[in-house]
Amino acid sequence: MSQDLAAAPPGRAANDKARSAELFTPAAASRKIADQAATVAVTAAFVVALIPLVWVLWTVVTRGAKAVFAAGWWTHSENGITYRQFGGGAYHAIIGSVLQVLVCSMIAVPVALMTAIYLVEYGKGSSRLANAVAFMVDVLTGIPSIVAALFIYALVITTLGFQRQGFAVSLALVLLMIPVVVRTTEEMLKLVPNDLREASLALGVPQWKTIVRIVIPTALPGIITGIMLGIARVIGETAPLLILVGYSKAINTNLFHGFQGSLPTMIVNEATNFTLPASADRVWGAALTLILIVLALSVGARLVARLTSVKK
Amino acid sequence: MADFATKAFGPAGGPAPAGTRGAVGVTSTGDRLFAGAAKGSGILVIALVAAVAAFLIKTAAPSLIHDHSSFLYSRDWDLTIGDLHFGIAGMIWTTVLVSTFAMALAVPVAVGIALFLTFWVPRRFASPLAAMIDLLAAVPSVVYGIWGIYILAPKLNGFSADIQKWFGWFPLFGAAGVSRGTVFVAGVVLAIMILPIITAISREVFAQVPKTQVEAALGLGATRWEMIRLAVLPFGRSGVVSGAMLGLGRALGETIAITLILSTPPVGSAFHPSLFAGGETFASKIANNAQEFDSPAKTGAFIAAGLILFMLTFIVNAAARAVVNRKTVK
């Protein structure tokens, strides 16, 4: 805009209308060009970002399909299968991942739910404790997974003297899952209309029953979404697995003893022999399996949120 | 007092006459237990973070005391028991270099996407398209790692070689004899991984730009780009900065993708400051050596490195949150 004013000084414009129009046109054109350039640039940014997404998904799907659709992938372990040998399944890794994440959720979800309830229902105003809790949730959000793993290592293995085991992984994942669930639950609880709480309290229902019977059921779809996103976040974490449990090709359902396979460590383990076609197949197969699980969880979370959201 | 009143009116949750509504006060046994559990969970979260710091310090301290090198300025990494020599200078350099490079790639693209989704795309399509960008975050980082090293790296080879040929006189672009697992490749992959978070936060602040400012700019005859320059970018700057900081926090701590991609230079090799060298970040160093945690002295050295990483990410994330909070108060 300032360009136009500069391009058409008033004195000259008054003297020669035609000329001022002439001067005005190129300036306007340059503004248009800048606008067009911006359009091209932001569209390009979007396209550029989609390239790796499509590329990664394409690579994993095309290269992983062979292993995933082979007989035995979902029902057999890799036990006794060498890196050069084709075949073998991911059952041991799926079992390991699912067990570790399940136990992690059993610990993380109640703590996270109650923390969110504390922040929204009890810590109103700005109690110092509530502020401190909110701050610590922020800190947990930013904690790198390897630091969470080192903490559990220092606590469980160095200090308490346990062996490396699947349960230690679950504990490290708890630290990473809590902030995700607290954040989403908090948002959902805040969306519950205050009228509902007040109506219930006015009828003489104690506050805890109001929360359990009225507030939580109203916010439940959002809470479930948060839990699913939390699971999707931690099931692909690899650093805690590398540090806290060894990889085993055999099925181990005991979280408290021995090495245990899992999808991320199966990828890392087979990737050490990536040049062998059989290993490469299993790497991409495990990657595809992991992506399928994570995608199912995230898409499911979105669907739950979409289908059950309160109309605005 | 409220407590007494409820009890006096019977245990079965009979109508509490006063003091319950809107009160934070606790009025029955059930209430007291439930509120206690909620408060307890909050306190547990505080205790967890405190325990993280305490255990890391406790485990790292003995090794740090016995370290014969300068922890911050040395590149040594020799964990011979009884004669510890370890320093983190190399890790600091690689961690900062790879994260900065990733930020340089990711921030402009993320801001572009956020503008595109907020001001160019019709509202109806904006949220499905944003969901596609979010999918980038749903792919586990271990998958980015194998894709980065086995698929992306070979494709970037020619490009990297060209840069080294033309700009190799500048130390940052010098040749270092590494072809695939370079900081350059790791930075590109990191940029892809932090893109969704920066985009999400930028989108949020751009959507909050006051309608009146946008309309005023357009009403004065500004083109869309001028409106963005005059109204949106000044308003959204601090939000974008905090989004970028959160992305940086994530980049500093990313482990497995970096571990799979970066090639580890042999012990005692010369220092290359170049983007086209290998190296080890805090996270990748720790992950690469997880098998070596066999004595408290060795473990302590790695945990000391982890402690520094924790402090780095803490500072960066706290700064980001501070900016976010200042914004929302306004």
Side-chain angles (χ1 to χ4, degrees), chain A residues 1 31 34-35 38-39 41-43 45-46 48-50 52-53 56 59-60 111 114-115 117-118 122 124 129 132-133 136-140 142 144-147 150-151 154-155 158 175 178 201-202 204 206-208 232 236 238-239 242-243 264 267-268 271 274 283 287 290-291 294-295 298, chain B residues 13 15-16 20-21 24 27-28 30-31 34-35 37-39 41-42 44-46 48-49 52 55-56 59 109 112-113 115-116 120 133 135-136 138-140 142-143 146-147 150-151 192 195 220-225 249 253 255-256 283 286-287 290 296 299 303 306 309-310 313-314 317 321:
Chain A
M1 276 175 306
R31 294 174 54 205
D35 192 50
T39 305
V42 296
T43 316
F46 183 74
V48 162
L50 286 187
L53 178 64
V56 167
T59 307
V60 174
V111 174
M114 291 310 278
T115 304
I117 287 172
Y118 173 71
Y122 293 99
K124 269 182 264 182
L129 180 64
V133 173
M136 290 305 174
V137 173
D138 277 349
V139 174
L140 277 186
S145 56
I146 192 124
V147 171
L150 284 179
F151 160 62
L155 173 69
T158 305
L175 283 161
I178 283 178
L201 289 170
Q207 192 176 6
W208 74 275
T238 317
L242 291 179
I243 291 181
I267 296 173
V268 174
F274 195 79
V283 165
L290 191 55
I291 286 192
V294 172
L295 273 189
S298 346
Chain B
T20 43
R21 201 150 71 99
V24 187
T27 52
S28 73
D31 259 346
F34 193 78
K39 198 173 187 176
S41 296
L44 180 65
V45 170
I46 298 181
L48 269 179
V49 178
V52 171
F55 273 93
L56 291 185
T59 318
V109 176
I113 296 169
L115 289 174
F116 178 70
W120 268 269
I133 296 295
L135 275 184
L136 280 171
V139 176
V142 64
V143 175
I146 51 164
W147 173 78
Y150 295 116
I151 308 291
I192 298 166
L195 197 67
L220 286 169
T223 61
R224 185 152 36 184
W225 169 241
T255 308
I256 191 63
I286 298 163
T299 311
I303 288 185
L309 175 63
F310 181 41
T313 49
F314 177 81
N317 286 306
R321 297 287 166 187

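The sequence lines fix the lettering, A, B, ..., with proteins before strands; numbering per chain opens at 1. Side chains are part of it too, since the values below use all heavy atoms of this structure and drop only hydrogens, waters and symmetry mates.
- For B/Leu136, the parts lying under 4.5 angstrom from a heavy atom of chain A are both the backbone and the side chain.
- Contact of the B/Ile133 side chain with the A/Leu50 side chain is registered, since non-hydrogen atoms from C-beta on lie closer than 4.5 Å.
- For A/Leu53, the parts sitting under 4.5 Å from any heavy atom of chain B are the backbone and the side chain alike.
- Residue B/Phe34 holds its CZ atom at 5.5 Å from OH of A/Tyr122, rounded to the nearest 0.5 Å.
- A perpendicular orientation is assigned to the rings of B/Phe55 and A/Phe151, their planes being inclined by more than 60° (bins at 30° and 60°).
- A/Arg31 and B/Ala222 make their closest contact through NH2-CA, 3.9 Å (heavy atoms, listed as atom of the first residue, atom of the second, distance).
- Tested against A/Val60 for a side chain to side chain contact (heavy atoms under 4.5 Å, CB included), the candidates B/Ile146, B/Val143, B/Ile151, B/Val139 yield a single pass: B/Val143.
- For the pair A/Thr115/B/Leu44, no side-chain contact is recorded, criterion being any heavy-atom separation below 4.5 Å from C-beta on.
- For B/Ile303, the parts sitting under 4.5 Å from any heavy atom of chain A are the backbone and the side chain alike.
- Here the shortest heavy-atom pairing between B/Pro140 and A/Ile291 reads CD-CG1, 4.0 Å.
- Interface remark: of the candidates A/Ile267, A/Val56, A/Val48, A/Val56 forms the most heavy-atom pairs closer than 4.5 Å to chain B.
- Neither the backbone nor the side chain of A/Ala41 comes within less than 4.5 Å of any heavy atom in chain B.
- Nearest approach of B/Thr313 to A/Gly142, heavy atoms of both residues: CB-O, 4.0 Å.
- In this structure, a donor-acceptor pair under 3.5 Å is present between the side chains of B/Trp120 and A/Thr39.
- A donor-acceptor pair is defined here as one N or O able to donate and one able to accept, closer than 3.5 Å; such a pair exists between the side chain of B/Tyr150 and the backbone of A/Ala271.
- Electrostatic pairing of A/Asp138 and B/Arg321 counts as a salt bridge here, judged by a charged N lying under 4.0 Å from a carboxylate O.
- Of the two parts of B/Val52, the backbone and the side chain both hold a non-hydrogen atom closer than 4.5 Å to a non-hydrogen atom of chain A.
- Contact count versus chain A (heavy atoms, under 4.5 Å) is highest, among B/Gly249, B/Gly42, B/Gly253, for B/Gly42.
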Practice prompt. Take B/Ile113 and A/Val42 through the test side chain to side chain contact (heavy atoms under 4.5 Å, CB included) and record every step on the way to the result.
Written response: CA-CA 6 Å; B/Ile113 296 169; A/Val42 296; over 6 Å; no
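- When each of A/Gly236, A/Ala232, A/Ala239, A/Ala154 is checked for heavy-atom pairs under 4.5 Å with chain B, A/Ala154 comes out on top.
- Comparing A/Leu129, A/Val268, A/Leu140, A/Val137 by how many heavy-atom pairs each has under 4.5 Å with chain B, the most go to A/Leu129.
- Only the side chain of A/Thr59 comes within contact range of chain B, judged by heavy atoms closer than 4.5 Å.
- Closest heavy-atom contact between B/Leu195 and A/Ala49: CD2-CB, 3.4 Å.
- With a 4.5 angstrom heavy-atom cutoff, B/Phe314 touches chain A only via side-chain atoms.
- Both the backbone and the side chain of B/Thr223 come within less than 4.5 Å of a heavy atom of chain A.
- At a 4.5 Å heavy-atom cutoff, the contact between B/Leu135 and chain A is made by backbone and side-chain atoms alike.
- Of the atoms belonging to B/Ile46, heavy atoms from both backbone and side chain fall under 4.5 Å from chain A.
- Within the 4.5 Å cutoff, side-chain heavy atoms of A/Ser145 are placed close to those of B/Thr255.
- The residue among B/Leu309, B/Asn317, B/Val142 with the most heavy atom pairs within less than 4.5 Å of chain A is B/Val142.
- Residue contact with chain B, scored on non-hydrogen atoms closer than 4.5 Å, involves the side chain of A/Val139 exclusively.
- Using a 4.5 Å cut-off between heavy atoms, A/Leu242 touches chain B through backbone and side chain atoms alike.
- For B/Trp147 against A/Pro52, the heavy-atom pair with the smallest separation is CH2-CB, 4.1 Å.
- For chain A, the nearby parts of B/Val109 are the backbone and the side chain; heavy atoms of each come within less than 4.5 Å.
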